[in-house]
Amino acid sequence: MAGLTKVSAAAPPVLDIDPFATRYLENPYHFHEVLRGAGPIVHIPKYDMYAVGRYAEVQSAFADWKNFSSAAGTGLGHVQKGSALRTPGPIVEADPPEHTKLRSTLNRILSPAVIRGWRDDFEAEAERRVAAIVQRGEFDAVTDLVEPFILRVLPDAMGLDDEGRENLLPIGDLTGNALGPRNDLFIESERRVEPLLPWFNSKFERAAMLPGGFGEKIWQASDTGDIETEKVMPLIRTFLRGGIDTGVSGISSMIWLLACNPEQWSALKAEPKLVRQAFDEALRLETPAQSLFRTTRGSFAFAGCQLDDDVKVMCCLAAANRDPAQWADADNYNVKRSTIGHIAFGTGIHVCIGQMVARLEGEAILAALLRHTEILEMNGPARHKLSNTARRLAALPIRVGRKAN
Amino acid sequence: MAECGGNMACGTCHVYVQQSYFSRIPEPEEMEDQMLDATASARQPNSRLSCQIIITAALDGVEITCPESQI
Ligand code: HEM
Ligand code: FES
């Protein structure tokens, strides 16, 4: 093999599976192994796409926006041609130079200094909810704690009013499914969202933004010409679609991993300053956005293979984050691990702009749990929601309380 | 702390560079400049994001100080 690729780069090896088949979606770790094992980059005939799952290649593809473009969409559907034709998202699905200017404006609107200003509110909300819920002794961490918490703090920071916020959950679910093929999962979640669209679309309007939120700041940036007016509503949609379900996913997974790994919970109890690492380590293992797509621009050699022009590339961030070539004891949850370099937030020019918001959310909830309960245990089986690209707990029965003497 | 892994998206790798070595590091690009304006501890004339400093022989012996807070 290696001898052949030296002479002239060959086409990537074929991996003849359907990554979106139920058996892989139900057991993503198995899919990750299959993908990493099949080669540095593979061709999947069913969708005529390439796929990468080893850390080195996923990281290089994300770092190389010239060859691996976002402008044809970051899902499997090619937004510039065929049945998936639509206007690309204003920031996520833009390449430089369009991306650069908008990103710079948004970096100001969502700078770490701005986000630090939300800390007290996020912490107070986490404290209030956790203090109330631990009284019950038993609860579902997803539906009773994490979802209501995220639906409170993030739309508040954006400046959205209260009415109908729970609609953001099925909309988040659709976002994860719509990045994959138009299968039953996609169609079913689209059907659930259909009646909510009038509500959703009304929330991007300028008049819908409460004063002081970052939604208002995005609108104001269109007054000064920093953001083109026609991009404002799609941008607000991007934040609402991308910033809710991912956060719910990450925090729920963190609670799940801690409840399943009592020694890690004890380690945190002994050293509460590890809370942020505990969150990032959970994102590494249970990467909320499992896969995102790029599209090849031109024909070029990559990882010893010759790639064709204008082909979708499935980049499995989740597989990279568990690649044993990159991470020692890759499948173990270890709150003391240095998680630097994990790519649950992506990497390169599109790296998540909300990552410091997400970390603040995770830190606030976990610090409150550490203050209020000695034990954190499973109280029944956890259940995941099937999704084409999202890793998302649907049910997480938890028991809390004092240690029995 | 370097939470974003060198993507200029977190500001948690903010450091102060020993004055006498400061000019030996290439000027920050715009993204870094923007991030330095938003760090947890105040920006100083010798502030940099450590993830953007490439260690060269010219920096041999440089002293780097971590600010009070990086989050
Ligand atoms: C744990 C929670 C989160 C995860 C795992 C996550 C994941 C990601 C990933 C992987 C990307 C890169 C997309 C790509 O390269 O194609 C991204 C980009 C983005 N995220 Fe997040 N995200 C999270 C929370 C948030 C929050 C809370 C917000 C908003 C406040 C947000 C807003 C965005 C935006 C606007 C982009 C696009 C940036 C660009 O294209 O330049 N995310 N996120
Ligand atoms: S590591 Fe995040 S800005 Fe340097």
Side-chain angles (χ1 to χ4, degrees), chain A residues 55 59 62-63 65 96 99-101 103-119 122-123 273-281 283-284 317 320-321 326 338-360 362-364 367, chain B residues 1-19 21-71:
Chain A
Y55 184 89
Q59 145 82 41
F62 264 56
W65 57 265
H99 175 267
T100 320
K101 180 166 172 266
R103 174 81 193 211
S104 167
T105 303
L106 288 176
N107 281 349
R108 259 193 293 108
I109 293 177
L110 273 180
S111 78
V114 171
I115 294 163
R116 270 195 304 280
W118 301 340
R119 175 174 280 275
F122 281 39
E123 286 178 346
K273 71 166 171 41
L274 296 174
V275 282
R276 281 170 89 91
Q277 243 165 281
F279 180 58
D280 270 84
E281 170 73 344
L283 295 178
R284 182 185 71 81
L317 302 170
N321 278 339
Q326 178 69 19
S338 165
T339 55
I340 291 177
H342 82 71
I343 49 178
F345 289 116
T347 182
I349 61 168
H350 290 281
V351 72
C352 183
I353 204 166
Q355 57 181 282
M356 299 308 274
V357 185
R359 288 198 178 94
L360 180 56
E363 179 187 356
Chain B
M1 302 177 70
E3 284 182 333
C4 78
N7 273 299
M8 290 190 277
C10 72
T12 65
C13 65
H14 177 207
V15 294
Y16 303 124
V17 178
Q18 190 183 355
Q19 283 293 354
Y21 283 80
F22 191 73
S23 61
R24 301 187 197 176
I25 306 172
E27 297 259 305
E29 55 178 283
E30 194 194 324
M31 276 267 271
E32 180 181 349
D33 193 52
Q34 222 175 11
M35 190 53 70
L36 285 169
D37 282 335
T39 48
S41 296
R43 179 176 189 168
Q44 303 291 338
N46 61 337
S47 282
R48 290 300 299 255
L49 297 180
S50 59
C51 70
Q52 302 304 310
I53 302 176
I54 297 168
I55 298 295
T56 59
L59 292 181
D60 197 27
V62 64
E63 271 180 37
I64 304 261
T65 321
C66 284
E68 190 98 321
S69 169
Q70 292 180 316
I71 301 181

Subject >> salt_bridge(D33(B), R43(B)) N-O dist < 4.0 Å >> reply: yes

Checked G6(B), A9(B), G11(B) vs chain A; the most non-hydrogen pairs under 4.5 Å come from A9(B)

Problem set entry | Flag, side chain of T12(B) to backbone of A2(B), donor-acceptor distance under 3.5 Å | yes

Under 4.5 Å to a heavy atom of chain A? For E3(B) that would be both

Applying a strict 4.5 Å limit to non-hydrogen atoms, the region of T39(B) in contact with chain A is backbone

Test your reading of the model: is there a side-chain donor-acceptor pair from E32(B) to the backbone of L49(B), 3.5 Å cut-off? yes

Checklist line | Whether F345(A) and H342(A) hold their rings parallel, tilted or perpendicular, with breakpoints at 30° and 60° | finding: tilted

If one checks every heavy atom of M8(B) against chain A at 4.5 Å, the contacting part turns out to be neither

Worksheet entry | Over 12 non-hydrogen atoms of neighbours within 6.0 angstrom of CD in Q18(B) | yes

If you tally heavy-atom pairs under 4.5 Å between each of V114(A), V351(A), L360(A) and chain B, the highest tally belongs to V351(A)

